There are 2 protein chains.
Amino acid sequence: MKSAASAMSHDDTQETGVPQIRDAIREAIVERRLSPGTKLSESDVGNLFNVSRTLARAALQALSYEGLVSVEKNRGAFVAYPSPEEARQIFAARRLVEPGILRDAAARVTPSDIQHLKQLLLEEGRLMSERGQTARRAEIKASGDFHLTLAAISGNAIMQRFMEELVARSSLVIALYGQSTVSSCGHSEHGDIIEAIESKELDRACHLMLHHIAHIEADLDLRERKSLGLKEAFEL
Amino acid sequence: MKSAASAMSHDDTQETGVPQIRDAIREAIVERRLSPGTKLSESDVGNLFNVSRTLARAALQALSYEGLVSVEKNRGAFVAYPSPEEARQIFAARRLVEPGILRDAAARVTPSDIQHLKQLLLEEGRLMSERGQTARRAEIKASGDFHLTLAAISGNAIMQRFMEELVARSSLVIALYGQSTVSSCGHSEHGDIIEAIESKELDRACHLMLHHIAHIEADLDLRERKSLGLKEAFEL
DNA sequence: AGAGGTCAAATTGTATACGATTTTCTGCAC
DNA sequence: GTGCAGAAAATCGTATACAATTTGACCTCT
């Protein structure tokens, strides 16, 4: 396997600190430059960012709290490889919280917020028509940003952080179990939700949101792919 | 101020590892043996648990991710001192997610789960009638356990972890802003919710839950207590 | 060739060392 | 006594060192 290090970009600005490292790795995971299961050794991470293992380890720990990295005792850290069950729970959580966040957001939304959302939508559409790795990565981020912006508008920092975790983990799930090559989020659905918010049709907005999440989930193939029991794999 | 160390118990079993330390400190915070604002120096924590600063630091970092400890750069870690605004957001988050969790839990609840919940209720009642610090601490934990058990029954590990964070932080908020000396959770309200679940009255159960959370929040005095402007403090 | 076992290399776990920053104490001028 | 350097102490930030564990290779014996 290609070294984990080479898969990440690294600006040489000597801005030290765990947050930079954590954020850089998270971005790499969310944008799928790092695939689930990739080993993230402390030394490699440290070398890549020109820091000691101490800081590399701290960054990996931080990511493990967010569920993006799993650390196995005495074995090291790996980009998380969510199980189908875990994937289901992530989306169940989103169905549980996003309508509520949407309601809170709608109650506080300002015209400037609406403008911001529409801006995001435009950008998203632009990226969809482009081709190339870079555009694809930017599109992934943009489509998540819609949901995160709603959380930000809701004004609840706690729910916002939770949504950041859920969106990031969703990206991992889609990378693993997504079937269609098309974008993770139905672009038009975002637009419909914005419209519903704008015209204060709260119930319809929530309904659309639930439908939208279900739509994303429907594109996943979450059938258990066991190791085939180590026996079943060869009998027959 | 009394040393932070002396406020925590510590069993001498040489079970090393960050989790033990983290859990012990969390328990101490949730049970209010450690007050908001208390300094948690890395050396003290390390000495207390007979580990190096490395592990102490890791444990404190972990707690900061849960919002129970705030670490200030170059100054150290302190038991979190949530602002009134933060407190409001914590309860807003609970109002947002607990009805949903309750619905999911009700859909999967087994007779054995009901029995477990009633058991908790009994224990809670028993502790309420007792007196003394130890009983008070146990009661605090028991009252939170009701909400956590519901999350466990819902079968969603992600929501469960989120609820653990919210309940723990609620304990901090109540310690800071709670007015009445009585228990944080209306004991009878828990019983009513169990009944509603048992008889499959979902809407009523959710309604009761919202009411219950509002009831807890109503006991708080979340008025901003500024430093009193340094002038107003003395002009009558 | 295959099974099993020992050793070497790599990697993580934890402690310690040292520099940087903040806080506290001290002493001197006023 | 008050106020303000400046030094001393304490505490955090980061790197390095060393122990423990895992992994994989190689070698032997059947």
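For clarity, every value in this text was computed on a predicted model and none was experimentally measured.
- The distance from atom CZ of A/Phe49 to atom P of D/dT14 is 15 Å, rounded to the nearest whole Å.
- Side-chain polar atoms of A/Arg57 and A/Gln61 form no donor-acceptor pair below 3.5 angstrom.
- Of the listed residues (B/Ile140, B/Leu220, B/Asp219), just one forms a side-chain contact (heavy atoms from CB on, under 4.5 Å) with B/Ile174, and that residue is B/Leu220.
- The distance between atom CG of B/Asn50 and atom P of C/dT16, rounded to the nearest whole Å, is 11 Å.
- Between the CZ atom of B/Arg57 and the P atom of D/dC12 there is a distance of 8 Å, given to the nearest Å.
- Comparing the start and finish of the helix from C/dA1-D/dT30 to C/dC30-D/dG1, five pairs each, the helix axis swings through 10°, to the nearest 10 degrees.
- Qualifying side chain to side chain contact (heavy atoms under 4.5 Å, CB included) partners for A/Glu72, counting only residues two or more places apart in sequence or in other chains: A/Ser70, A/Arg75, A/Phe78.
- By the side chain to side chain contact (heavy atoms under 4.5 Å, CB included) test, B/Ala56 pairs with B/Val45, sequence neighbours left out.
- Salt bridge B/Arg161/B/Glu164: absent, no basic N to carboxylate O contact under 4.0 Å.
- Comparing B/Ser43 and B/Thr54 by the nucleotide of DNA chain D that holds the closest heavy atom to each, the one mapping nearer the 5' end is B/Ser43.
- For A/Tyr65, the ring-ring contact (aromatic ring centres under 6.0 Å, His included) criterion is met by B/Tyr65, not counting sequence neighbours.
- Side chain of B/Asn156 to backbone of A/Gln89: a donor-acceptor contact under 3.5 angstrom is found.
- Atoms CD (B/Glu72) and P (D/dC12) sit 11 Å apart, rounded to a whole Å.
- Atom CG in B/Leu40 sits roughly 13 Å away from atom P in D/dT11 (whole-Å rounding).
- We find that CZ of B/Arg53 is positioned 8 Å from C1' of D/dG13, with the value rounded to whole Å.
- Listed nucleotides D/dC12, D/dA15, C/dT12 differ in distance to B/Ser41; the shortest reach to its side chain belongs to D/dC12.
- When each of C/dG13, C/dA15, C/dT11 is scored by its nearest atom to the side-chain atoms of A/Glu42, the top-ranked nucleotide is C/dG13.
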Write down the protein N/O and nucleotide N/O pairs, taken from nucleotides 19-22 of chain C, whose separation is under 3.5 Å; answer none if there are no such pairs.
none

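- The separation between B/Phe78 atom CZ and D/dC12 atom C1' is 11 Å, rounded to whole Å.
- Looking at B/Glu217 and B/Arg95, a side-chain N of the basic residue comes within less than 4.0 Å of a carboxylate O on the acidic one, giving a salt bridge.
- For A/Gln119, the side chain to side chain contact (heavy atoms under 4.5 Å, CB included) criterion is met by no residue, not counting sequence neighbours.
- Between A/Ile21 atom CD1 and D/dG13 atom P there is a gap of 14 Å when expressed in whole angstrom units.
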